[in-house]
Number of protein chains: 2
Amino acid sequence: MKKISILLAEDDPNLGQLLKNYLIAREYDTTLVTDGAQALQVFRKDKYQLCLLDVMMPELDGFTLAKEIRALDPHIPVIFLTAKNLKEDVIEGFKSGADDYLTKPFSMEELLYRIEAILRRASGKQADPPATSYTIGKFTFDVTKQLLTYNDQSRKLTTKESELLELLCRNRNEVLERNFALKSIWIDDNYFNARSMDVYITKLRKYLSRDESVEILNIHGKGYKLLC
Amino acid sequence: MKKISILLAEDDPNLGQLLKNYLIAREYDTTLVTDGAQALQVFRKDKYQLCLLDVMMPELDGFTLAKEIRALDPHIPVIFLTAKNLKEDVIEGFKSGADDYLTKPFSMEELLYRIEAILRRASGKQADPPATSYTIGKFTFDVTKQLLTYNDQSRKLTTKESELLELLCRNRNEVLERNFALKSIWIDDNYFNARSMDVYITKLRKYLSRDESVEILNIHGKGYKLLC
DNA sequence: ACATAGACTTAACGTTCTTTAACAGGTTCA
DNA sequence: TGAACCTGTTAAAGAACGTTAAGTCTATGT
């Protein structure tokens, strides 16, 4: 299956690199540029399936850029990344044809969620959720229904429990880095959110304790690894 | 099929043009005027099916304008565009017969949904409803007739029930954000309206409970997701 | 005008989810 | 070994949500 290609235009080098890494980790073929002019240039050369554009950029702002891009490819999905409380911008953004927008700060989960939603809509197919479910030892984990099942006994997980368990499953038998998980689910990787995550790890361990072969292992200073 | 005609009165040229373009892109036959006097003049000449009026306008303010317009056509739907924190104005606006209002800044999606909802209500008694309907598990939901059907058994939904269910359907298997739903249906996203929305979620869940495969899932702190 | 019914809101109370606090161990490295 | 940091666990606090019932309003018909 061919990878989805994303053009990411973000002038903040830190955020840009961060986003690029996350998207690549999620199997999106991502190209990062740091200003609008460059974005247009790159877009002309190669085709992309989705654009992620920061609104505030030097040389060429996101809105104008979107118009130019739309002139080249009227149907390409565009998502804007915008600073908070710039709702006026949002309006103008929709005019130039954004399919969606995110106000900073946002979590990776949210970004990925919207990307998937838009691609789903763009591909014409209606409905059909990915119906993702994982097998964890003797457990079955239905992500969309947030249901963890063991021998016909089901437990309804909370939103956060479910999000964390999904990340663990996605990276099973390899290290899920703390910061990655925090940025993905909690937006901020500060002290309190880190402690909150610890609490959820404890909860998940308790839920999964019925199957001895399943274990959430801590990798000191790095993160967690789901063994199963 | 003939286009819906909208009279848009907005004195800010940027916003006005923006709105006009967007509405035209959405197949609404839109006329833009930049002050109230002009609006009245144009309205006398041609008939419109909906009015979008800015409250703060030179020459003739939106409220007075609405009264004049209503004198000419008592049943035409009117939506006010108003700056925030002008609650007094809002109240007076409803007295002069607004069907709805939007506080700036607002998103295009919100405006569009409001227009559709109002036109639907206005045309309720007339003929040829577009008959948009959704299939929700074993249910059928006729949006224009506000009818939820299960095995030949139909339940007539109230306006709010219907509007909320429509938003859920439109975003099925995706998160419908609380704030978006509140601003789209209840106008204000304050505490009380949020609680009111909770009540409606309970109602809808009860109506839909006959099909086990259908579920309105809460995403804590974000919104609801209709699974089906 | 009055009564009635239906729709919507507000109130009240209970439950669940998430975060924060508090305390107890662990790991690393100088 | 001891200081600094990281992790495990439980409990409590705070916020969000679920549900039912009572209140308010509006429209409608007599």
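Letters A, B, ... are given to chains in the order of the sequence lines, protein chains preceding strands, and every chain is numbered from 1. In this text the structure is predicted, and so the values were computed from the model without any measurement.
- Under 3.5 Å, the side chains of B:Thr144 and B:Asp142 contain a donor-acceptor pair of N or O atoms.
- D:dC17 atom C1' lies 15 Å from atom NZ of A:Lys160, rounded to whole Å.
- One can place CG of A:Leu217 at 18 Å from P of D:dC6, the figure rounded to the nearest angstrom.
- Between A:Asp198 atom CG and C:dA21 atom P the separation is 15 Å, expressed in whole Å.
- The aromatic rings of B:Tyr150 and B:Phe139 sit tilted relative to each other, their planes meeting at an angle between 30° and 60°.
- When each of C:dT18, C:dT19, C:dT9 is scored by its nearest atom to the side-chain atoms of A:Trp186, the top-ranked nucleotide is C:dT19.
- For A:Val199, counting side-chain heavy atoms from C-beta on, the closest listed nucleotide (C:dT19, C:dT18, D:dT20) is C:dT19.
- A:Trp186 and A:Tyr200 have tilted rings, their planes meeting at an angle from 30° to 60° on a 0 to 90° scale.
- Which of C:dT20, C:dC8, D:dG18 sits closest to the side chain of A:Ser196 comes down to C:dT20.
- For A:Tyr22 and A:Tyr28, the distance between ring centers is not under 6.0 angstrom.
- What separates CD of B:Gln146 from C1' of C:dC8 is a distance of 14 Å, to the nearest Å.
- Residue B:Thr159 places none of its side-chain N or O atoms closer than 4.0 Å to OP1 or OP2 of C:dA7.
- Two residues, A:Leu157 and A:Asn193, neighbour DNA chain C, and the one matched to the more 5' nucleotide by heavy-atom proximity is A:Leu157.
- Here B:Arg195 lies in heavy-atom contact (under 4.0 Å) with a base.
- Nearest to the side chain of B:Phe192, among C:dC8, D:dT9, C:dT10, sits C:dT10.
- Looking at which nucleotide of DNA chain D each of B:Lys206 and B:His220 is closest to, the 5′-most match is held by B:His220.
- Distances shorter than 4.0 Å separate some side-chain N or O of A:Thr202 from OP1 or OP2 on D:dT9.
- In this structure, A:Arg178 reaches the D:dT7 phosphate: one of its side-chain N or O atoms is under 4.0 Å from OP1 or OP2.
- Look at CE on A:Met197: it is 12 Å from C1' on D:dC6, rounded to the nearest Å.
- At distances below 3.5 Å, at least one donor-acceptor pair connects side-chain atoms of B:Gln49 with backbone N or O atoms of B:Ser5.
- The NZ atom of A:Lys156 sits 11 Å away from the C1' atom of C:dC17 (whole-angstrom rounding).
- If you take CG of A:Leu164 and P of C:dT18, they are 11 Å apart, rounded to a whole angstrom.
- Side-chain atoms of B:Tyr224 lie closest to D:dC17 of the nucleotides D:dC17, D:dT9, D:dT7.
- Distance from the side chain of A:Asn218 is smallest for D:dG8 among the nucleotides C:dT18, C:dT9, D:dG8.
- Put simply, NZ on B:Lys203 is 17 Å from C1' on D:dC17, counting in whole angstrom units.
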